[in-house]
There are 2 protein chains.
Amino acid sequence: MPYGLSANDIDKLDQSVSHTKLLQKGETLYRQGTSFKSLYAVKSGSVKITSLNQEASEDVIGIYLPGEIIGFDGIATGEYQCTIHAIETSNVCEINLSEVQENIPGVSQQLLKHAGRAINHGRYARSVAKVSARKRIISFLLDLSDRYRHRGYLATEFELYLSRGELGNLLNLSAETISREIHKLEREKLISIVNKRRIQIKQMDQLKEILIAP
Amino acid sequence: MPYGLSANDIDKLDQSVSHTKLLQKGETLYRQGTSFKSLYAVKSGSVKITSLNQEASEDVIGIYLPGEIIGFDGIATGEYQCTIHAIETSNVCEINLSEVQENIPGVSQQLLKHAGRAINHGRYARSVAKVSARKRIISFLLDLSDRYRHRGYLATEFELYLSRGELGNLLNLSAETISREIHKLEREKLISIVNKRRIQIKQMDQLKEILIAP
DNA sequence: CTGTACTCTTGATTTACATCATTTTTTTTG
DNA sequence: CAAAAAAAATGATGTAAATCAAGAGTACAG
């Protein structure tokens with residue numbers, strides 16, 4: 001749980017590199033897609049964090065309370081991945097990361113970036129929970145493929161390493177459903193399976209289309 | 001998605017404050033509950049990240065590939081919240097955070113801690129997706145209550161700010177299910193509702209018990 | 001105020017997936 | 001290489017929550 005900074009911590013931030021902003025109910029702190037500028041600590045009030053899903057409707061990600069820090073969603077890519085609205089009159093305290101970063105060695109900048117990525121991936125994992133079993137499995141496979149590709153590995157064939165049961169646990173589905181859906185994908189010639197645990201992506205584009213289709 | 005460090009980045013880490021560890025398939029890098037020691041970058045192979053849920057069975061959180069960094073789960077509390085197993089022979093590169101931290105000003109240490117918390121909260125949010133509508137709602141209410149309490153606010157009465165629809169979106173439930181379940185909790189005198197959007201927790205202990213019950 | 005539009009509630013029906021039950025296949029091991 | 005154990009496949013059945021539908025309360029705009 002994202003608990004808080006102590007009042008003391010916030011004071012320290014205040015002294016260092018920040019200033020305060022007043023938000024009226026309904027006002028926006030930052031919007032998804034705009035370029036990353038700062039982290040913010042909520043000083044008073046509450047804000048709502050939302051994200052446009054690909055059907056272009058808003059998913060509610062959560063609400064943040066005083067002492068909690070928002071903005072990590074923008075660190076990894078340099079663009080905010082979410083939108084922040086005040087749901088009551090609120091004060092936020094700006095943490096200008098670029099100023100902070102001047103005093104941070106490169107390694108820990110990288111770490112913060114990674115933390116930001118992990119946070120975004122968590123949001124993604126949650127959004128996957130909203131869709132059908134079929135889409136969840138495809139999502140998982142394409143996510144893996146993408147990560148392999150990004151590292152210079154083969155994106156179209158890879159080891160699963162997980163049993164049907166573990167995969168089900170990961171995707172909140174039963175082992176039976178995983179088995180059935182994977183076989184269905186194979187019958188449809190969208191993927192093929194080698195030795196139960198090895199996946200070949202046969203129709204990457206079609207798989208992607210299934211994900212964006214209603 | 002938790003993408004990777006570039007090979008270059010890993011080299012930099014190597015030079016600074018790290019050394020490499022070889023893990024055979026099935027070996028454990030760290031266990032849930034043990035005290036935080038380092039972050040690790042996966043250099044080769046793949047590892048599985050799992051977490052014991054309160055029924056004491058293992059939830060699979062995900063797998064990590066080369067270039068990705070693990071261990072953020074231990075930063076916030078000082079205790080790892082997950083367990084890492086190698087699922088094939090793997091090399092990991094230790095990032096001794098305490099050494100890195102000597103060069104980091106206090107503010108950014110705090111930020112990293114917050115990032116760690118956000119990551120853990122994401123895991124928690126995902127685990128909530130596995131339980132019944134009733135438990136999901138109770139979980140949400142108790143999480144909010146806890147966060148208010150932690151900040152010195154009243155833990156037993158607070159504003160929801162979200163509509164039934166938004167709450168449903170947040171918890172992956174329909175607005176109708178939210179309405180029904182909240183009313184049921186009120187009829188059972190576990191909570192009471194003021195003006196639709198304001199919650200009073202009446203039976204904190206009983207609510208907690210419902211969460212741990214099968 | 002008074003019409004218009006959300007939000008919430010409540011009931012009836014449907015459905016996607018879980019669960020249960022077997023069988024088949026694969027892996028492990030003595 | 002058998003025997004035992006674990007994992008996977010597959011069919012039958014059950015169910016929690018979604019969806020559909022309709023009415024009641026509440027907000028708010030002209």
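The basis for the numbers below is simple: all heavy atoms, side chains too, and nothing from hydrogens, waters or symmetry mates. These numbers were taken from a predicted model, which means no experiment stands behind them.
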| request: Provide, to the nearest angstrom, the distance between the CD atom belonging to Glu166(A) and the P atom belonging to dA6(D). | output: 14 Å
| Ion pair present between Glu188(A) and Arg134(A), side-chain N to carboxylate O less than 4.0 angstrom? | yes
| Do the ring centers of Phe158(A) and Tyr153(A) come within less than 6.0 Å of each other? | no
| said: Between Glu88(A) and Lys25(A), does any NZ, NE, NH1 or NH2 come within less than 4.0 Å of an OD or OE carboxylate oxygen? | reply: no
| said: Can you measure Leu171(B) atom CG to dA16(D) atom C1' for me and round it to whole angstrom units? | reply: 16 Å
| query | Looking at Glu68(B) and Arg151(A), does any basic side-chain N land under 4.0 Å from a carboxylate oxygen? | reply | no
| Candidate pair Ser35(A) and Glu79(A), rule side chain to side chain donor-acceptor pair (under 3.5 Å), full reasoning | CA-CA 4 Å; Ser35(A) 62; Glu79(A) 274 190 13; over 6 Å; no
| request: Residues of residues 174-190 of chain B with any non-hydrogen atom less than 4.0 angstrom from an atom of DNA chain D: list those, numerically ordered, please. | output: Ser174(B), Glu176(B), Thr177(B), Arg180(B)
| said: For a 4.0 angstrom threshold against heavy atoms of chain B, report the outermost contacting nucleotides of DNA chain C in 5' to 3' order. | reply: dT7(C) to dA12(C)
| said: Does this structure show an ion pair linking Glu181(A) with Arg136(A), if we count only N-O contacts that are shorter than 4.0 Å? | reply: no
| task | Pull out every residue in residues 193-201 of chain A that has a heavy atom closer than 4.0 Å to any atom of DNA chain D, ordered by number, or say none. | result | Lys196(A), Arg197(A)
| message | Assess whether a salt bridge exists between Lys37(B) and Glu94(B), defined as any Lys/Arg side-chain N lying under 4.0 Å from an Asp/Glu carboxylate O. | response | yes
| query | Could Glu176(B) and Arg164(B) be called an ion pair, given the rule that one side-chain N must be under 4.0 Å from one carboxylate O? | reply | no
| Quick one: CD1 on Ile69(A) to NZ on Lys113(B), what's the gap to the nearest 0.5 Å? | 12.0 Å
| message | Salt bridge or not between Arg123(B) and Asp59(B)? Use side-chain N to carboxylate O under 4.0 Å. | response | no
